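All figures in this text were calculated on a predicted structure; none of them were measured in a lab. Hydrogens, waters and symmetry mates play no part in the numbers below; they use all other heavy atoms, side chains included.
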There are 2 protein chains.
Amino acid sequence: MFSVPTRTQYGIRALVHLATSEARSSTSAEIAKAQAISPKYLEGILGQLKTSGLVLSERGAHGGYRLAREPESIPMREIVEALEGEIRPVGCVDDSDCCEQGVDCLPRRFWIGLKQAIDGYLDSKTLRDVIEA
Amino acid sequence: MFSVPTRTQYGIRALVHLATSEARSSTSAEIAKAQAISPKYLEGILGQLKTSGLVLSERGAHGGYRLAREPESIPMREIVEALEGEIRPVGCVDDSDCCEQGVDCLPRRFWIGLKQAIDGYLDSKTLRDVIEA
DNA sequence: CGGTATTCCTATCGGGATAGTAGGAATATA
DNA sequence: TATATTCCTACTATCCCGATAGGAATACCG
Ligand code: FES
Ligand code: FES
C-alpha cells in the first residue's frame with residue numbers, strides 16, 4: 001500500500017543521477033541506460049521535471065539535461081509534487097467535504113494529520129540529503 | 001497523490017460508526033445508509049475487517065457487527081494494514097532491491113524514511129484518538 | 001548547407017487494479 | 001416456516017499507469 005508510482009521513482013533516480021554525475025549535462029538516453037529505465041518513458045518524465053523548473057535542457061547535438069539548482073536547494077517535496085501533484089490522501093484535505101458528515105467529519109482530521117506527516121518528512125529532505133545519505 | 005483507496009476510507013468510516021454508535025451492534029445496511037456507502041461493497045469491507053480480527057459479527061436476524069476491542073486498543077495502523085497491507089512505498093523497503101544500484105541505492109533510504117514517517121503517524125493514533133479529535 | 005544528435009510533442013495501447021454489482025448459500029431469530 | 005442478516009463467489013465496467021510509436025523542432029558540426 002501507498003506505493004509510489006514508477007513515474008516518481010524514475011524521476012528521483014534521474015535527478016540523483018544528474019546530481020551525482022561529473023558531466024555538465026546528461027542525455028535522456030544516458031540516464032535511461034545507466035538507471036535501466038524505459039528510454040521513451042523517461043523522456044516524458046524529464047520533460048515534466050523541466051516544466052516544473054527542476055531541470056534545464058538543451059536541444060540538439062551535445063544537448064541534455066542538468067539540474068536547475070544546487071541539490072541542497074531542491075526539497076524532495078518539490079520533486080514529488082512536480083511529478084504527481086500535491087499530497088492528498090483523500091478529497092477533503094483542503095476545504096471541501098468528501099463524505100456526508102460535513103465539516104465535523106472525524107476521519108477528516110486524521111487524514112489531514114497524515115498529509116502533514118508526509119509533507120513534514122518530504123520538507124525535511126533535500127536532494128542533497130538523498131545523495132549523501 | 002498518495003490518494004487512499006475508498007476501500008480504506010469506507011472501512012475507517014465504518015469503524016468510526018461502530019465506535020460512536022450507542023447500539024450494541026450495527027448491521028451492514030445500517031452503516032451503509034448512515035455513511036452513504038454502497039451497501040454490497042461495504043459488506044465485503046466489513047468481512048475483511050472481521051477476518052483481520054478488528055470486528056466481530058453475528059449472523060441472522062438481529063445480527064450485525066461490533067468492534068472486537070475498545071477503540072483505544074485499535075491502532076490506526078492496524079486498520080490500514082488490514083485493508084491494504086503493509087506500507088510499502090517502493091519494492092525495496094525490505095531486503096530486496098528494486099533498481100540496479102543494489103544495496104547501496106541512494107533513493108532507497110529515502111523511501112524507507114518515508115515509510116517510517118507514515119508508520120510512525122499511524123502508530124501514534126488509535127481509533128479512540130480519531131473519534132475524539 | 002547537410003547530416004546527425006537530441007529534446008519535445010501528441011497519440012495510442014495493454015494490463016491491472018479499483019469500485020461496484022449480482023445472486024445466492026449459510027445461519028440465526030422468532 | 002418466514003425473515004433478517006452475514007457470508008461467499010463470480011462478474012463487469014472504468015479508470016489509471018506504464019510503456020511505446022512516430023515524428024517535428026532545434027541545435028551542433030563539418
Ligand atoms: S469529509 Fe472526508 S472523510 Fe468525511
Ligand atoms: S533499490 Fe529501490 S530505488 Fe534503488
Q) Is a salt bridge present between Lys125(A) and Asp129(A), judged by a nitrogen-to-oxygen distance below 4.0 Å? A) no
Q. Rounded to whole angstroms, how far apart are CZ on Arg24(B) and C1' on dT29(C)?
A. 14 Å
Dump every N/O contact between nucleotides 10-16 of chain C and the protein below 3.5 Å, one line per pair.
none

Q: Using a strict cut-off of less than 4.0 Å between a Lys/Arg side-chain nitrogen and an Asp/Glu carboxylate oxygen, indicate whether Arg24(B) and Glu58(B) qualify as a salt bridge.
A: yes
Q: Could you check how far CG of Leu56(A) sits from P of dT7(C), rounded to whole Å?
A: 13 Å
Q: Would you please test Ile118(B) and Tyr121(B) for side-chain contact (heavy atoms from CB on, under 4.5 Å) and show each step?
A: CA-CA 5 Å; Ile118(B) 297 175; Tyr121(B) 175 74; 5.9 Å; no
Q: For the side chain of Ser28(B), starting at C-beta, report the closest nucleotide among dT21(C), dT6(D), dT29(C).
A: dT6(D)
Q | Euclidean distance, atom CD of residue Gln48(B) to atom P of dC7(D) [Å, nearest integer] | A | 13 Å
Q.
Just to be sure I understand the geometry, which residues of residues 2-19 of chain B put a non-hydrogen atom under 4.0 Å away from DNA chain C?
A. Pro5(B), Thr6(B), Arg7(B), Tyr10(B)
Q. Would you call the rings of Phe2(B) and Phe2(A) parallel, tilted or perpendicular if under 30° counts as parallel and over 60° as perpendicular?
A. tilted
Q) If you take all heavy atoms of Ala14(A) and Leu42(A), which pair is closest and at what distance? A) CB-CD1, 4.1 Å
Q. So, do Glu81(A) and Ser52(A) sit near enough that their side-chain heavy atoms are less than 4.5 Å apart?
A. no
Q.
Tell me whether the side-chain N/O atoms of Tyr41(B) come closer than 4.0 Å to OP1 or OP2 in dA22(C).
A. no
Anything under 3.5 Å between a protein N or O and an N or O of nucleotides 23-27 of chain D, put it in a table, one pair a line.
from    : atom 1 : to       : atom 2 : distance (Å)
dG23(D) : O6     : Lys40(A) : NZ     : 3.1
dT26(D) : O4'    : Arg59(A) : NH1    : 2.6

Q.
Minimum heavy-atom separation for Arg13(B) and Pro107(A), please, with both atom names.
A. CG-CG, 3.8 Å
(Q) Looking at Lys50(B), I'd like to know whether one of its side-chain N or O atoms comes within less than 4.0 Å of OP1 or OP2 on dT6(D). (A) no
Q: Write down the distance between CD1 (Ile45(B)) and P (dC7(D)), rounded to a whole number of angstrom.
A: 14 Å
**Q.** Whole-Å gap separating C1' (dT6(D)) and CD (Glu30(B))
**A.** 14 Å
Q: Evaluate side-chain contact (heavy atoms from CB on, under 4.5 Å) for Lys115(A) paired with Glu86(A), printing each intermediate quantity in order.
A: CA-CA 10 Å; Lys115(A) 170 182 164 57; Glu86(A) 194 186 358; 3.2 Å; yes
Q | Salt bridge flag under 4.0 Å for residues Arg69(A) and Glu78(A) | A | yes
Q: Let me know, please, whether Leu42(A) or Tyr65(B) comes out on the 5' side of the other along DNA chain D by nearest nucleotide.
A: Tyr65(B)
Q. Do any side-chain nitrogens or oxygens of Ser38(B) fall under 4.0 Å of OP1 or OP2 in dT21(C)?
A. yes
Q: In whole angstrom, give the distance that lies between atom NE2 of His62(A) and atom P of dG3(C).
A: 19 Å
Q | Derivation of the side-chain contact (heavy atoms from CB on, under 4.5 Å) call for Ser28(B) and Tyr65(B) | A | CA-CA 7 Å; Ser28(B) 172; Tyr65(B) 296 90; 3.9 Å; yes
**Q.** Any donor-acceptor pair under 3.5 Å from Gln9(A) side chain to Val4(A) backbone
**A.** yes
Q. With a non-hydrogen cut-off below 4.0 angstrom, is Gly44(B) in contact with a base, only sugar-phosphate, or nothing?
A. nothing
Q) Once you round it to whole Å, what is the distance between P of dT6(D) and CZ of Arg66(B)? A) 13 Å
Q: Carefully, step by step, assess Gln48(A) and Arg7(A) under the rule side chain to side chain donor-acceptor pair (under 3.5 Å).
A: CA-CA 10 Å; Gln48(A) 202 172 346; Arg7(A) 177 170 216 84; 2.6 Å; yes
